[in-house]
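Every number for a ligand or one of its atoms is a count from 1 in the order of the listing. Nothing fancy with the numbering, it's 1 onward along the sequence. The basis for the numbers below is simple: all heavy atoms, side chains too, and nothing from hydrogens, waters or symmetry mates.
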Amino acid sequence: MQEMLQVVDLWVSVEGKQVLKGVDFSMGYGDVYVLFGPNGAGKTSFMMSLMGFPKYKVEQGKIYFKGEDITNKDIYERAKLGIGLSFQRPPTVEGVSLERLIKLLSKNNGISDEEVERILESLKIKDHVKRYINDGFSGGEMKRSEILQLMLQKPEFVLIDEPESGVDMENISLVGHAINHLLGKDKVRSPKRSALIITHTGYILDFVNADKGYIFINGRIICTGNPRDMLNEIKRNGYKGCQICQ
Ligand SMILES: Nc1ncnc2c1ncn2[C@@H]1O[C@H](COP(=O)(O)OP(=O)(O)OP(=O)(O)O)[C@@H](O)[C@H]1O
């Protein structure tokens, strides 16, 4: 079967800095992969490039999604094709309430009011909907708001940048279960979504069953393997071994 995502020899720069240096990567339908790597390795840049943020200039290489060349498509076209992203540090959107965005997304994606209620309850974010998006939200509240938006968009392929960053232990469980639900991994028969998740701590692996792990160093993928084994090795020895291997 054709891959859902295929990245071929991708070179990207941002503000003149080379952030990706020849990335080859592919994912099948329903795959869940995690990205590890030290600070500044290029993980977020990779996600931003897949989503099509204009700051991230593709200098060489190709990105194919569901067989279509999306390398030169803008964010909106990619979102329409089924790619969604949850930011590491989501921006505040002054003047737009979370409630307004919820109404827009649920209407566009045919989600009933009852279903919206259920999602708001499960993410414990009901009390925040009158506020501007992310305005003064705590770290955990921002992540829950991000996951809420993904649950209303239902993208086929989800990019999740550090879902546990700034989130307390209790809320990591809540966010983890919500992501699992979003990916359809908690159901026997349902369309399974694919996801690429950046994690430093690996807490998310306690909730989401990831198929593969990848290590990014200095703009390149240098290793792939079982995500739990990789995490244990990183916890024991950091990225020292990877640097030697590289
Ligand atoms: N807008 C920008 N202008 C200049 N340099 C940038 C910009 N965005 C990212 N970079 C640089 O690109 C490199 C890769 O950053 P990126 O955020 O992709 O790394 P990361 O692996 O996600 O790191 P972290 O784990 O710390 O989030 C870093 O050196 C960063 O400073």
Side-chain angles (χ1 to χ4, degrees), residues 5 7-25 27 32-61 63 70-71 74-75 78 83-93 134 137-140 142-143 145-147 150 157-167 172 175-176 179 195-205 208 210 212-225 227-228 230-246:
L5 175 77
V7 176
V8 184
D9 191 28
L10 190 67
W11 293 71
V12 170
S13 67
V14 52
E15 312 277 356
K17 181 178 166 74
Q18 196 76 58
V19 284
L20 300 184
K21 303 173 183 172
V23 174
D24 289 299
F25 181 80
M27 289 183 78
V32 176
Y33 292 175
V34 285
L35 290 183
F36 301 111
N39 293 136
K43 305 177 297 295
T44 296
S45 302
F46 183 47
M47 282 197 175
M48 298 303 235
S49 306
L50 293 178
M51 193 70 235
F53 283 87
K55 250 200 215 172
Y56 296 78
K57 306 258 180 271
V58 174
E59 296 178 336
Q60 190 179 310
I63 306 170
I70 61 162
T71 319
D74 65 27
I75 298 184
R78 295 185 199 203
I83 307 179
L85 178 135
S86 148
F87 289 97
Q88 181 181 12
R89 285 180 286 271
T92 299
V93 187
N134 295 327
F137 283 22
S138 73
M142 270 189 208
K143 289 289 164 186
S145 149
E146 286 284 288
I147 302 300
L150 285 177
F157 175 39
V158 230
L159 301 160
I160 308 176
D161 196 347
E162 290 194 45
E164 66 277 82
S165 109
V167 183
I172 284 178
V175 166
I179 292 175
L196 188 58
I197 305 173
I198 296 177
T199 178
H200 281 290
T201 63
Y203 288 137
I204 198 68
L205 295 177
V208 176
K212 249 193 217 179
Y214 285 83
I215 294 179
F216 244 86
I217 303 239
N218 191 21
R220 292 190 180 96
I221 289 173
I222 57 136
C223 200
T224 172
R228 288 231 158 253
M230 284 180 145
L231 183 66
N232 289 336
E233 174 59 23
I234 296 162
K235 278 185 179 160
R236 266 198 306 269
N237 298 316
Y239 291 101
K240 261 197 330 263
C242 308
Q243 250 122 15
I244 296 163
C245 188
Q246 187 188 19

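- Enumerated by chain and number, the residues approaching ligand 1 to less than 4.0 Å through a heavy atom are V14, E15, K17, V19, P38, N39, G40, A41, G42, K43, T44, S45, K55, Q88, E162, H200.
- For R228, the CZ atom counts as densely surrounded, since its 6.0 Å shell holds more than 12 non-hydrogen atoms of other residues, nucleotides or ligands.
- Residues passing the side-chain hydrogen bond (donor to acceptor under 3.5 Å, both in side chains) test with S165: none are found, sequence neighbours excluded.
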Give every donor-acceptor pair under 3.5 Å between a side-chain atom in residues 51-59 and any protein atom, sequence neighbours left out.
unit_1, atom_1, unit_2, atom_2, d
K57, NZ, P54, O, 3.0
E59, OE1, Q18, NE2, 3.0
E59, OE2, S13, OG, 2.9

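- In summary, R236 and E233 engage in a salt bridge, as defined by a charged side-chain N under 4.0 Å from a carboxylate O.
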Stepwise side chain to side chain contact (heavy atoms under 4.5 Å, CB included) check, L196 with L50: CA-CA 11 Å; L196 188 58; L50 293 178; 3.9 Å; yes
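- Taking I234 as the reference, F36, I215, Y239 meet the side chain to side chain contact (heavy atoms under 4.5 Å, CB included) condition, with sequence neighbours excluded.
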